[in-house]
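Read the structure below first, then the notes.
In what follows, every chain begins at residue 1, and chains take the letters A, B, ... in the order their sequences are listed. The figures that follow rest on heavy atoms only: side chains count, while hydrogens, waters and symmetry mates do not.
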Amino acid sequence: MIEVSRVTHVYGEGATARTVLRDVSVTMSEHRVGIVGANGSGKSTFARLLNGLVVPTEGTVLVDGLDTRTEGRQVRRRVGFCFTNPDAQIVMPTVQEDVAFGLRRRGLSREEVRSRVAEVLERFGLASHADHPAHLLSGGQKQLLALASVLVTEPSHIVLDEPTTLLDLRNARLVADHLGRLAQQVVLVTHHLELLEGFDRVLVFDEARLVHDGPPDEAVAAYRRSMA
Amino acid sequence: MSLGLYRPGRSLLHRAPAWSKLLLLLAAGASSFLLDRPWQVASALAAVVLGYAVAGVPPGVMLRQARPLVWILAAVAFFHVLASGWERAFVVVGVLLALVLLAALVTLTTRTADLLDVLVAWMRPLRVVGVDPERVGLLLALAIRSVPVVVGLGQEVRDAQRARGLGASPRAYAVPLVIRSLRHADELGEALAARGVDD
C-alpha cells in the first residue's frame, strides 16, 4: 500500500522555481495502477516519489507505512524502480553481473546469488546471454535486463517510468507481458495507453495536478479529451 | 568494441582463479626487463601464444588484441632499428607485444566481476587510509560499462550533425557529446540511488 498525502513538489527556488506537483493525495492499494499525462505534467516526479528518489517539498509519502523522508533505505528495498532508458540503469559490464549487482551487501552466499541470478535470467529469456556484454543486447533485451535486475531483489512493489517508450511494438508487448505476470504491485507510467488494458486503476496528471482517477477506459477517455 | 572482452569457456585458463592470473600478469610485467636476448623474447611470445591455444581463443581474436598497438610498435621498432639495431628492436617490440597479449588473455578468460573482486580484496589494506575498496570496485565497473555507452553517444551526435548537413567541426562534436555524457551521468546516478547503492 502506497499513501501519498498532500504532496507538493517544487524544483529550484526563487525566480526559477517550478511547481511540478500541486497538492496531490492518493492511496494506492490496487494490484495494477497506471499513470498517464502529458510531457511535463508531473508524472515522472510522482513516480520518483514512490521510492524516495524524490522527497517532496511538502506532504508525505508512505510505503507500507514507511516514510520515504526518514526511511528511504527500507522503502527502496521494497520498491523496485525501472527507468525509461535501460542504458542508464544497466550499471555493470555484463548481463549476469548487472543482475547480481542488486544482491550485493544483502548477506547472501555466492551460491544463493548465483542461483537467484540464473533463475531470473531464465525467466526473462536472457540465460543464453548471461556472459554477454550488456551493450550488445537489443533495446528490448536491455529493458528486460533492467527489469530482471530490479526483480531479482524481490521488491514488493515495482514502479516503472515509461519503460516501453524507447521500444518497438513487439518489445513493448513483451515487456508488458512480463509485467502482467508479476505478483507484485505494479505502478506503470506510460504513453502506451493500450498497455493499461486490464489495469485496476489509472491516474491522469495534467499541469502538476492529479486530474482524474478511475478505471482505465474512463481515465484514458478523460486523458484523450484533455489532449484534444 | 571487441577488445579484451570476456569469452565464456571451460579451459584450464578459464577455471584458474582470477587472482592467480593477475599475479602472473604482474610477475610477467615486473620481470619483463630481464629479457634481453631475442631467443628469450621469442620463447616468451611463444608461451603467450600457447596460452591462447590452451584457452581456445581463435587466432583471429588474438590478432585483434594486438591491432590497436600496430602503429606504436612500428614507431618503436623504427626508432630502435636506427638507434641500436635489429636485435634490440625485436626485443623491445616483442616484450611489449607479449605483455599486451598476455593482459588481453587474462581479460578474455576472466569475468570482469571476478577481476574486480580480486582488486577489491587487494585494496582492503588501504581501508586504513580511508579508501573504500567496494567503492573503487564500483567505480572501475562503471568506467568499463560507460565506454560503450559514450561511444554510442558519440555516434548519435555525429548522426545528428550529418542529418542537419553540418560538416565535421570538433567543437560542434565535443560540446553536445559532453552535455550528453553529463546527462547520462545524472541518469546513472539516479539509477544507482534507486538500486540502493548509497543506502
Side-chain angles (χ1 to χ4, degrees), chain A residues 44 47-48 50-54 71-106 110 113-114 117 128-137 139 142 146 149-150 152-153 155 158-161, chain B residues 1-10 14 17-18 107-117 120-121 132-135 137-156 180-199:
Chain A
S44 280
R48 282 162 175 69
L50 307 182
N51 73 338
L53 267 186
V54 170
E71 285 152 307
R73 181 192 158 127
Q74 279 87 338
V75 168
R76 276 184 285 280
R77 288 218 166 181
R78 278 160 192 271
V79 185
F81 198 99
C82 194
F83 295 83
T84 311
N85 180 3
D87 261 326
Q89 71 173 318
I90 298 172
V91 298
M92 286 304 204
T94 69
V95 169
Q96 182 171 259
E97 288 159 14
D98 192 69
V99 176
F101 178 76
L103 295 177
R104 302 187 330 162
R105 288 187 295 165
R106 291 203 175 219
R110 257 169 179 274
V113 169
R114 206 180 294 265
V117 169
S128 60
H129 299 285
D131 280 316
H132 290 185
H135 70 272
L136 294 183
L137 298 180
K142 280 185 189 171
S149 295
V150 169
V152 77
T153 65
I158 169 157
V159 179
L160 306 103
D161 185 18
Chain B
M1 288 308 302
S2 59
L3 184 70
L5 288 171
Y6 177 66
R7 292 171 61 91
R10 306 226 28 86
H14 283 88
T107 53
L108 282 168
T109 58
T110 319
R111 285 192 180 84
T112 321
D114 294 343
L115 281 179
L116 291 177
D117 283 349
V120 168
D132 178 351
E134 292 289 338
R135 196 142 279 233
L138 175 63
L139 189 76
L140 292 173
L142 286 176
I144 295 168
R145 162 73 188 128
S146 295
V147 171
V149 172
V150 174
V151 169
L153 293 178
Q155 269 154 8
E156 274 176 32
R180 274 174 208 230
S181 301
L182 289 175
R183 196 185 303 147
H184 173 72
D186 258 355
E187 289 178 359
L188 196 61
E190 210 178 25
L192 287 171
R195 290 175 76 175
V197 168
D198 254 341
D199 290 337

Smallest separation among heavy atoms of V91(A) and L142(B), with atom names: O-CD2, 3.5 Å
Point-to-point distance, once rounded to the nearest 0.5 Å, from CE of M92(A) to CD1 of I144(B): 9.0 Å
Euclidean distance, D131(A) CG relative to Y6(B) OH, rounded to 0.5 Å: 5.0 Å
Region of Q96(A) that comes under 4.5 Å of a non-hydrogen atom in chain B: side chain
Which atoms of R104(A) approach chain B - backbone, side chain, both or neither, heavy atom under 4.5 Å: side chain
Contact origin within L138(B) toward chain A - heavy atom pairs under 4.5 Å: side chain
Option that, when pairs with chain A are counted at under 4.5 Å, heavy atom only, ranks first among R7(B), E134(B), E187(B), R195(B): R195(B)
Taking every non-hydrogen atom, the tightest pair across L53(A) and A193(B): CD2-CB, 3.7 Å
Contact leader toward chain B among T94(A), N85(A), D87(A), where contacts are heavy-atom pairs under 4.5 Å: D87(A)
Contact leader toward chain B among L136(A), V159(A), D98(A), where contacts are heavy-atom pairs under 4.5 Å: D98(A)
Short side-chain to backbone donor-acceptor contact, R73(A) and G196(B), under 3.5 Å: no
Flag if over 12 foreign heavy atoms under 6.0 Å of CZ, R114(A): no
Where A134(A) and R145(B) come nearest, the two heavy atoms and their spacing: CB-NH1, 4.2 Å
Stepwise side chain to side chain contact (heavy atoms under 4.5 Å, CB included) check, E97(A) with T112(B): CA-CA 8 Å; E97(A) 288 159 14; T112(B) 321; 3.6 Å; yes
Interatomic spacing from CD in Q89(A) to CG in L192(B) - rounded to 0.5 Å: 10.5 Å
Region of N51(A) in contact with chain B, defined by heavy-atom distances below 4.5 Å: side chain
Smallest separation among heavy atoms of F83(A) and A191(B), with atom names: CE1-CA, 3.6 Å
